[in-house]
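The structure under discussion appears below in the form of structure tokens.
Whatever order the structure lists them in is the order used to number ligands and atoms, beginning at 1.
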Amino acid sequence: MKNEFYIPGQVAMVTGGNVGIGRVTAIELAKKGFQVVIAGRSLERTQPVLDHIQSLAVDAPAIFIPLDLASLASVRECARLFMQLNLPLHLLVNNAGVAGLKGMTQDGFEMAFGVNHLGHFLLTQLLLEKLISSGPSRVVTVSSRAHKRTPGIDWDDLSRPTRTWTGIREYAVSKLANLLFSSELAKRMNGTSVSTYALHPGVVDTEIWRALPDWARPLLRLRGFLTPEEGARTTLHCAMHAPQTESGLYYADSQPTQASALGQDSELATNLWERSEVWVNHR
Ligand SMILES: NC(=O)c1ccc[n+]([C@@H]2O[C@H](COP(=O)([O-])OP(=O)(O)OC[C@H]3O[C@@H](n4cnc5c(N)ncnc54)[C@H](OP(=O)(O)O)[C@@H]3O)[C@@H](O)[C@H]2O)c1
């Protein structure tokens with residue numbers, strides 16, 4: 001019997017809940033009695049998920065809030081709209097992500113870093129007081145085993161367009177940033193009732209691979225794709241079952257697992273946090 005660290009009626013926000021792992025996460029949380037807020041780029045593409053949740057005869061309907069993580073202004077507006085709802089927030093799932101998408105965000109950051117890390121960093125910052133006042137609460141950030149595929153973070157590269165042909169190296173940096181963010185957040189939330197988890201969902205058959213070159217996909221298939229339902233399991237475990245004493249840890253297969261040496265580098269985590277604070281406050 002698993003521990004259950006949630007109460008039906010609690011409120012969860014899921015970023016990128018229209019497809020893939022986020023879609024399954026939003027639906028499964030609604031089935032457990034969470035009121036779900038889906039933050040994403042398109043109401044039209046999210047409507048089928050909102051309808052699906054409605055068909056579950058939930059007590060409170062799922063809500064959509066526009067969010068484009070490639071725009072810090074949009075992140076601020078998303079947080080403002082959430083605050084206007086006057087709801088508590090017990091769970092924030094930083095799920096949305098891009099892989100292999102090249103270029104820069106509207107604020108001048110490398111695309112994967114800006115969307116996967118910096119947008120979520122600002123969103124979490126803006127919702128932190130709410131999470132603290134709603135505690136016990138959780139922040140679950142979907143990272144990746146791909147965080148191991150970078151030898152470090154080149155700070156200058158983060159303010160340049162994607163350099164590599166596949167964008168995989170930049171994706172790895174963004175997922176390392178997800179991991180460092182989660183561990184640093186745990187440290188900063190020590191003494192509050194906010195706990196935080198990062199995770200690798202597995203290699204999952206979703207739309208995330210759409211921007212990769214055609215030759216790269218068969219390689220992934222060889223590794224054995226999980227279904228989105230299987231891929232959401234670790235997120236759901238961290239959201240509802242992981243003990244608070246494991247705050248700050250990195251999960252895979254619904255259990256704590258070892259991150260790379262860089263992923264455990266607390267100096268790097270603090271450095272990234274402090275730089276991220278400056279970046280989001282000055283653009
Ligand atoms: N699939 C895997 O094998 C795998 C492995 C390791 C980690 N992950 C991580 O799992 C998470 C979920 O990915 P997935 O596999 O479910 O991929 P997915 O099916 O492509 O879903 C990605 C979600 O992110 C949203 N998104 C993308 N750019 C956005 C932006 N600028 N602003 C707001 N939302 C944005 C997408 O919305 P739109 O529909 O509007 O594009 C979509 O809802 C990601 O963080 C990914 O890095 C996935």
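- The closest heavy-atom contact to atom 7 (C) of ligand 1, among the options Ala232, Gly16, Ser143, Ala26, comes from Ser143.
- Closest protein heavy atom to atom 18 (P) of ligand 1: Ile208 N, 3.6 Å.
- Annotation: Lys175 places an N or O atom under 3.5 Å from an N or O atom of ligand 1; distance criterion only.
- Contacts between Val98 and ligand 1 below 4.0 angstrom, taking non-hydrogen atoms only, involve the side chain exclusively.
- Atom 3 (O) of ligand 1 has its closest protein heavy atom at Val204 N, 2.6 Å.
- Of the listed options Ala70, Gly119, Ala96, Ala96 places a heavy atom closest to atom 35 (C) of ligand 1.
- The closest donor-acceptor contact from the side chain of Ser74 to the backbone of Asp68 lies under 3.5 Å.
- Under a 4.0 Å criterion applied to the non-hydrogen atoms of Gly97, ligand 1 contributes the atoms 22 (C), 24 (O), 27 (C), 44 (C), 45 (O).
- Put simply, CG on Leu122 and NE2 on His117 are 10.0 Å apart, with the number rounded to the nearest 0.5 Å.
- Counting heavy atoms under 4.0 Å from ligand 1, residue Phe225 does not touch it at all.
- Residues satisfying the side chain to side chain contact (heavy atoms under 4.5 Å, CB included) test with Arg210, not counting sequence neighbours, are Glu207, Arg217.
- Annotation for Ser266 and Glu184: closest pair O-OE1, 4.1 Å, computed over non-hydrogen atoms.
- Within the structure, the closest approach of Val142 to ligand 1 falls below 4.0 Å when heavy atoms are considered.
- No N or O atom of Gly22 sits closer than 3.5 Å to an N or O atom of ligand 1.
- In this structure, of Pro228, Gly202, Ala112, Ala39, the residue bringing a heavy atom nearest to atom 5 (C) of ligand 1 is Gly202.
- Atom 15 (O) of ligand 1 has its closest protein heavy atom at Thr206 OG1, 2.5 Å.
- The nearest heavy-atom contact from the protein to atom 39 (O) of ligand 1 is Asn18 ND2, 2.8 Å.
- Between Phe121 and Phe181, the angle of the ring planes goes over 60°, which puts this pair in the perpendicular group of the 30/60° scheme.
- Interatomic distance, Met189 CE to Ser182 OG, rounded to the nearest 0.5 Å: 12.0 Å.
- Within ligand 1, counting atoms from 1 as listed, the ones closer than 4.0 Å to a heavy atom of Val203 are 3 (O).
- Considering backbone and side-chain atoms together, Ser144 places no N or O closer than 3.5 Å to any N or O of ligand 1.
- Here is the list of ligand 1 atoms found below 4.0 Å of a heavy atom in Gly20: 16 (O), 19 (O).
- Without hydrogens or angle criteria, Gln35 side chain to Pro61 main chain gives a donor-acceptor distance under 3.5 Å.
- Taking 4.0 Å as the cut-off, Arg210 counts as a neighbour of ligand 1 on heavy-atom distance.
- The shortest contact between atom 41 (O) of ligand 1 and any protein heavy atom is with Arg41 NH2, 2.6 Å.
- The side-chain contact (heavy atoms from CB on, under 4.5 Å) test with Pro161 is passed by exactly one of Met104, Lys102, Glu170: Met104.
- Annotation: Tyr250 is in aromatic contact with His147 [ring centroid separation under 6.0 Å].
- Heavy atoms of Ala99 stay at 4.0 angstrom or farther from ligand 1.
- Any N or O atom pair closer than 3.5 Å counts here, and Ser42 shares no such pair with ligand 1.
- Atom 16 (O) of ligand 1 has its closest protein heavy atom at Ile21 N, 2.8 Å.
- For ligand 1, none of its N or O atoms has an N or O atom of Gly17 under 3.5 Å away.
- The Asp68 neighbourhood of ligand 1 comprises atoms 30 (C), 31 (N), 32 (N), with distances under 4.0 Å to a heavy atom of that residue.
- Closest heavy-atom approach to atom 45 (O) of ligand 1 among the candidates Leu199, Asn94, Asn95: Asn95.
- On a distance-only criterion, Val19 and ligand 1 share no N/O pair closer than 3.5 Å.
- Between Tyr171 and ligand 1, at least one N/O pair is under 3.5 Å apart.
- Annotation: atom 32 (N) of ligand 1 to nearest protein heavy atom, Leu69 N, 2.8 Å.
- Of the inter-residue distances, the one linking Thr46 atom OG1 with His52 atom NE2 reads 14.5 Å to the nearest 0.5 angstrom.
- A donor atom on one side chain and an acceptor atom on the other are not found under 3.5 Å apart for Glu277 and Asn281.
- Inspection of the His120 and Thr15 side chains reveals an N or O donor paired with an N or O acceptor under 3.5 Å.
- Between the side chains of Lys187 and Asn190, no donor N or O sits under 3.5 Å from an acceptor N or O.
- With 3.5 Å as the limit, one finds no donor-acceptor pair spanning the side chains of Thr235 and Asn95.
- No N or O atom of Gly40 sits closer than 3.5 Å to an N or O atom of ligand 1.
- Of all atoms in ligand 1, listed by their number and element, those nearer than 4.0 Å to a heavy atom of Leu67 are 32 (N), 33 (C).
- Around the NZ atom of Lys32, the shell of radius 6.0 Å holds no more than 12 heavy atoms that belong to other residues, nucleotides or ligands.
- The two residues Leu126 and Ala79 have their closest heavy-atom pair at CB-CB, 3.6 Å.
- Here CD of Glu28 is found 9.5 Å from CZ of Arg23. Values are rounded to the nearest 0.5 Å.
- Of all the heavy atoms of Arg45, the ones lying under 4.0 Å from any atom of ligand 1 belong exclusively to the side chain.
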